[in-house]
Structure formats: C-alpha cells, structure tokens
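Notes follow the structure.
All heavy atoms count here, side chains included; hydrogens, waters and symmetry mates do not. FYI, the numbering just counts along the sequence from 1. Given the structure is predicted, the values throughout are model-derived calculations rather than measurements.
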Amino acid sequence: MRRVHFNVAKRVVHKLDAARDGLSHSIPNATTEQVLQAALRLLLEKQARSRGQVKKPRSVVPTTAPTRTSAATPTGISAKGSNQPICNSGSLAIPISWRRRVG
C-alpha cells in the first residue's frame with residue numbers, strides 16, 4: 001500500500017463528491033480511493049477503446065420486433081415512409097437507424 005498526498009482545487013473536491021454520489025448505488029459509502037479507482041478504470045478503458053485495443057460491445061436488437069404500420073412514430077422521429085422495425089414496449093434496444101438519426 002502507498003500513501004499519496006497532494007493539494008487540489010475546490011472544484012476537484014466537488015467533482016470527487018459528485019462522483020461518490022454517482023457511485024452510491026453500486027458502492028455505498030465509497031472511499032476516495034474507490035472513487036479514484038473507478039474513475040481511472042473508466043479512463044483506461046476509454047483509452048484502450050480509442051486505440052482499438054478493446055472491442056466495443058455490440059448492441060442487441062430483438063429479432064421479433066413488430067414493424068411500424070401506423071402514421072404515428074415514437075419519440076417524434078420521422079420514419080420517412082420506411083417499414084423499420086420498432087422495439088417491443090418493454091425492450092431497451094434502440095434500432096441503429098434511429099440512433100443514427102438522433103446523432
């Protein structure tokens with residue numbers, strides 16, 4: 001175990017507190033060390049992805065999704081006359097064509 005001492009600005013302390021609050025659902029009463037470990041893990045994963053060292057997880061689109069037949073479109077996205085599959089109401093998967101339209 002190593003001991004590290006350093007001075008930080010107040011905004012860094014506020015960011016650490018906000019990160020601790022964000023982790024409260026998965027790590028209740030997280031220590032500063034646990035917050036920094038989680039942040040460093042995410043940073044290293046992001047760097048590995050940007051370098052192409054880690055494959056991005058693929059999203060799963062349900063194969064039994066019904067097709068759109070009515071003029072109404074969910075979330076105000078225009079279908080432009082296409083019969084793109086839509087997700088089941090309980091599904092969290094979003095079709096790639098919709099994600100591309102949103103940006």
Side-chain angles (χ1 to χ4, degrees):
M1 181 167 279
R2 301 276 195 251
R3 178 171 278 194
V4 178
H5 294 274
F6 56 94
N7 297 324
V8 296
K10 283 184 180 181
R11 68 179 185 275
V12 175
V13 175
H14 292 299
K15 287 180 183 181
L16 277 170
D17 290 338
R20 183 177 291 115
D21 291 342
L23 286 173
S24 65
H25 68 285
S26 60
I27 308 173
N29 302 318
T31 64
T32 302
E33 178 184 6
Q34 290 171 320
V35 172
L36 290 174
Q37 282 180 347
L40 290 171
R41 180 179 38 81
L42 290 174
L43 174 66
L44 293 173
E45 287 173 3
K46 182 179 177 181
Q47 287 177 340
R49 277 194 309 269
S50 69
R51 292 180 184 154
Q53 296 172 351
V54 177
K55 292 182 180 179
K56 294 180 182 177
R58 296 180 64 189
S59 62
V60 178
V61 178
T63 57
T64 59
T67 57
R68 184 178 354 180
T69 57
S70 66
T73 57
T75 65
I77 298 174
S78 171
K80 297 183 182 178
S82 66
N83 267 344
Q84 299 275 338
I86 60 171
C87 298
N88 295 329
S89 61
S91 174
L92 296 178
I94 300 172
I96 293 173
S97 61
W98 289 10
R99 283 188 269 160
R100 288 182 183 143
R101 288 180 188 157
V102 173

Identify every side-chain donor-acceptor pair in residues 4-12 under 3.5 Å, counting partners at least two apart or on other chains, and give the distances.
none

Under the rule for side-chain contact (heavy atoms from CB on, under 4.5 Å), what residues qualify as partners of Gln34, not counting sequence neighbours?
Ile27, Ala30, Thr31
Thr32 versus Leu16, closest heavy-atom pair with distance
CG2-CD1, 4.2 Å
Side chains of Leu40 and Gln37: does their closest heavy-atom pair fall under 4.5 Å?
no
If a pair satisfies salt bridge (Lys or Arg N to Asp or Glu O under 4.0 Å) and one of its residues is in residues 13-23, list it, with sequence neighbours excluded.
Asp17-Arg20
